[in-house]
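Structure record follows, encoded as structure tokens.
Computed from a predicted structure; not experimentally measured. In what follows, every chain begins at residue 1, and chains take the letters A, B, ... in the order their sequences are listed.
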Protein chains: 2
Amino acid sequence: MSIIFSDKIRSLRKEKKIPQRQLAAVLEIDTATYCKIEKGDRRAKREQVIILSDLLQVDSKELLRLWSADKVYDIIAEEEEATQILNVVAENIIKYKRKVAQA
Amino acid sequence: MSIIFSDKIRSLRKEKKIPQRQLAAVLEIDTATYCKIEKGDRRAKREQVIILSDLLQVDSKELLRLWSADKVYDIIAEEEEATQILNVVAENIIKYKRKVAQA
DNA sequence: TTTTGTCTTGACATTATTTGGCAAATATAA
DNA sequence: TTATATTTGCCAAATAATGTCAAGACAAAA
């Protein structure tokens, strides 16, 4: 798994000197589970990311961006044409936006 | 589900006037399953994409690119910051490449 | 309209993947 | 050492994805 997201929350947590236990408690999950999230072994849930952004005092949009990026990265990391794939996606997002604008 | 990939194979198939039944046979799946792949209800497997590129006489790299793009699109389509997410991913790909180059 | 072949859909069982917790192990700090 | 924090392996439960069957829809031709 990728570490784009997990690296970020780990460094933020250490910065603020909060133990995993404490964040895990608020998220209502086991410490072990939280640990795995921070190591990139488990994926946080969307709502958890939002709660975390609050606890770690960081913009939730930024954290969600990294969280999504992580998922994308996992898909294309092994592909040789990773960058081209991103281009294809970008094109299609634009295409879709046009469609929506028309409607 | 997204249609970046499915639209492509559908138009190629129609161009060549091949019935779904025939492609399904080579892929050793049910016609219904193939239909769903072409409608974007089911995901083709990697090997199936390669077989398809052969049957449809198209570069397998191109088809795989669309196939991957589809998966990525599904993840970020609902996100408001879709484009920014792609940027984050692109940055991290570059970062990783640097690391590999160093090693 | 009926027939024929093609395509599509929904429901379902099967399989694969992901999840969270527990307990034990390891690391770090006091 | 003792206490606290983090990590790991393993399991069961939950969730998601897959493929098939059977039935329906659709289109072209007879």
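Inter-residue side-chain proximity for A/Q48 and A/I29 is flagged as met; some heavy-atom pair is nearer than 4.5 Å.
Distance CD1 (A/I37) to P (C/dG21): 10 Å, rounded to an integer number of Å. The separation between B/D30 atom CG and D/dA22 atom P is 10 Å, rounded to whole Å. Atoms NZ (B/K45) and C1' (C/dA16) sit 10 Å apart, rounded to a whole Å. Per the geometry, NZ belonging to B/K71 stands 12 Å off P belonging to C/dT17, to the nearest Å. Rounded to a whole Å, the CZ atom of B/R10 is 15 Å from the P atom of C/dT6. We find that CG of B/D41 is positioned 13 Å from C1' of C/dC7, with the value rounded to whole Å. Distance CG (B/L27) to C1' (D/dT18): 14 Å, rounded to an integer number of Å. Whole-Å rounding puts the A/E28 CD to C/dG21 P distance at 10 Å.
A/R13 has no side-chain polar atom (N or O) that falls below the 4.0 Å cut-off from OP1 or OP2 of D/dA5. Applying the 4.0 Å criterion to OP1 and OP2 of C/dT8, one finds that B/R21 has every side-chain N and O outside that range. Remark: B/Q20 is not in phosphate contact with C/dG5, judged by side-chain N or O atoms under 4.0 Å from OP1 or OP2. Residue A/T33 has a polar side-chain atom (N or O) positioned under 4.0 Å from OP1 or OP2 of C/dG21. Dashed line: the shortest gap from a side-chain N or O of B/R43 to OP1 or OP2 of C/dA16 is not under 4.0 Å.
Contacts of B/K17 with the nucleic acid, taken as non-hydrogen atoms under 4.0 Å apart, are absent.
Ion pair B/R43/B/D74 flagged as a salt bridge, since at least one NZ, NE, NH1 or NH2 atom sits closer than 4.0 Å to an Asp/Glu carboxylate oxygen. The pair A/R65-B/E79 does not count as a salt bridge, with every side-chain nitrogen at least 4.0 angstrom from each carboxylate oxygen. Ion pairing between a basic and an acidic side chain is recognised when a charged N comes within 4.0 Å of a carboxylate O; B/D30 and B/R21 show no such pairing.
The side chain of B/P19 lies closest to C/dT6 when the candidates are D/dT8, D/dG19, C/dT6. Checking C/dA23, D/dT20, C/dG20 against every side-chain atom of A/Q48, the shortest atom distance belongs to C/dG20.
Not a single donor-acceptor pair, N or O on each side, falls under 3.5 Å between the base of D/dT6 and the side chain of A/K36. Between the base of C/dG20 and the side chain of A/R42 there is a donor-acceptor pair shorter than 3.5 Å.
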Verdict with reasoning, B/F5 to B/L52, per side chain to side chain contact (heavy atoms under 4.5 Å, CB included): CA-CA 11 Å; B/F5 172 77; B/L52 276 176; 4.3 Å; yes
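Nearest-nucleotide positions on DNA chain C place B/T31 closer to the 5' end than the other of B/T31 and A/A44.
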